[in-house]
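Here the structure is a predicted model, which means the values were calculated and not measured.
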Amino acid sequence: MDSNIIIKALKYAKDSQGWSHNFAVKGDEINEANYSESIEWLNGKDNAGVSIVVDEPQISWSDLQPFITQAEEYYTSIAHKPIRAKAYPSIQEQLDMMYHDQVDGTTTWKDAIAKVKADNPKAE
C-alpha cells in the first residue's frame with residue numbers, strides 16, 4: 001500500500017485517539033507484513049535533540065484498517081483535481097474567453113469549463 005495512504009491513516013488515527021507520540025514512515029510500500037518495521041514511533045527528543053524511538057506501536061495493523069479506508073476515500077475524493085487542473089485552459093485563455101463572451105454574447109468559457117468537468121467527474 002502506498003505510504004501516503006498509511007501516513008494519512010496514521011494522522012487520522014492520531015487525531016481520533018489523541019496520541020502524544022509522533023511517527024515516521026520508512027519506505028514507499030507498506031503492508032501488514034512490513035508494517036512494524038516500516039513505522040517508527042517517536043516520543044519527543046532527548047537532551048541531544050535526537051528523537052526517542054518507542055518500541056511499542058501506538059496502533060496495530062488491524063486497528064488501523066478503518067483509518068486506511070478513510071484515507072483511501074479521501075484520496076479518491078480528490079483524484080480528479082490534478083487531472084482537471086491540467087485540462088483547464090490557462091487563466092489567460094479563460095480571461096480572453098470571458099471577454100469575448102461578454103462582447104460577443106457567447107458562452108465559450110462556460111462551455112469549456114463544463115466540458116473539463118464532464119470529462120473529469122468527481123468520484124462518487
Backbone N or O of H21 within a donor-acceptor pair of the K14 side chain at under 3.5 Å? yes
Is it true that, when you exclude E40 itself, more than 12 heavy atoms of the residues, nucleotides or ligands shown sit nearer than 6.0 Å to its CD? yes
Student check: side-chain heavy atoms of Y74 and K8 closer than 4.5 Å: yes
Less than 3.5 Å apart, any donor N or O on the side chain of S60 or D63 sitting next to an acceptor on the other? yes
Are the side chains of I5 and Y75 in touch, meaning some heavy atoms are under 4.5 Å apart? yes
Could you check whether any side-chain heavy atom of Q94 comes within less than 4.5 Å of a side-chain heavy atom of I113, counting everything from C-beta outward? yes
Would one find more than 12 heavy atoms of other residues, nucleotides or ligands at under 6.0 Å from atom NZ of K26? yes
Answer yes or no: is there a side-chain heavy-atom contact under 4.5 Å between V50 and K45? no
Report the C-alpha separation of E93 and S90 in whole Å, then their side-chain angles, then the decisive distance to 0.1 Å, and conclude whether the side chain to side chain donor-acceptor pair (under 3.5 Å) test is met. CA-CA 5 Å; E93 291 175 271; S90 71; 3.1 Å; yes
So, the side chain of D46 versus the backbone of A48: is there a donor-acceptor pair under 3.5 Å, distance only? yes
I need the minimum non-hydrogen distance between M97 and P89, along with the two atoms involved. CE-CG, 3.8 Å
As an exercise, state the distance from OH of Y88 to NZ of K117, rounded to the nearest 0.5 Å. 3.5 Å
Gap between atom CE of M1 and atom CG of D28 - 0.5 Å precision: 14.0 Å
Where the side chain of D96 meets the backbone of Y99, is there a donor-acceptor pair that is under 3.5 Å apart? no
One should read off an interatomic distance between L10 CG and Q17 CD, to the nearest 0.5 angstrom, of 10.0 Å
Is there a path from I52 to F23 through hydrophobic residues (I, L, V, M, F, W, Y) whose side chains come within less than 4.5 Å of each other? no
Neighbour count >12 (heavy atoms, 6.0 Å) for atom CD, E37: yes
For N120 and V116, indicate whether the former's side chain and the latter's backbone hold a donor-acceptor pair under 3.5 Å. yes
Are V53 and L42 close enough that some pair of their side-chain heavy atoms sits under 4.5 Å apart? yes
ILVMFWY cluster, V103 and W109 together (side-chain gap under 4.5 Å): no
Is there a side-chain contact between W19 and N43 (heavy atoms, below 4.5 Å)? no
Any W41 side-chain heavy atom under 4.5 Å of I59 side chain: yes
Search all heavy atoms of D2 against all heavy atoms of E29 and return the closest pair with its distance. N-OE1, 3.9 Å
Counting only heavy atoms from other residues, nucleotides and ligands, does the tally under 6.0 Å from CG of D111 exceed 12? yes
Do you know the tightest heavy-atom contact between N31 and A33? OD1-N, 3.0 Å
Is it true that the side chains of Q65 and S62 contain a donor and an acceptor less than 3.5 Å apart? no
To the closest 0.5 Å, what do you measure between OH (Y12) and CD1 (I68)? 12.5 Å
Does any non-hydrogen side-chain atom of M98 lie less than 4.5 Å from one of K110? no
Rounded to the nearest 0.5 Å, how far does NZ of K11 lie from CG of N22? 9.0 Å
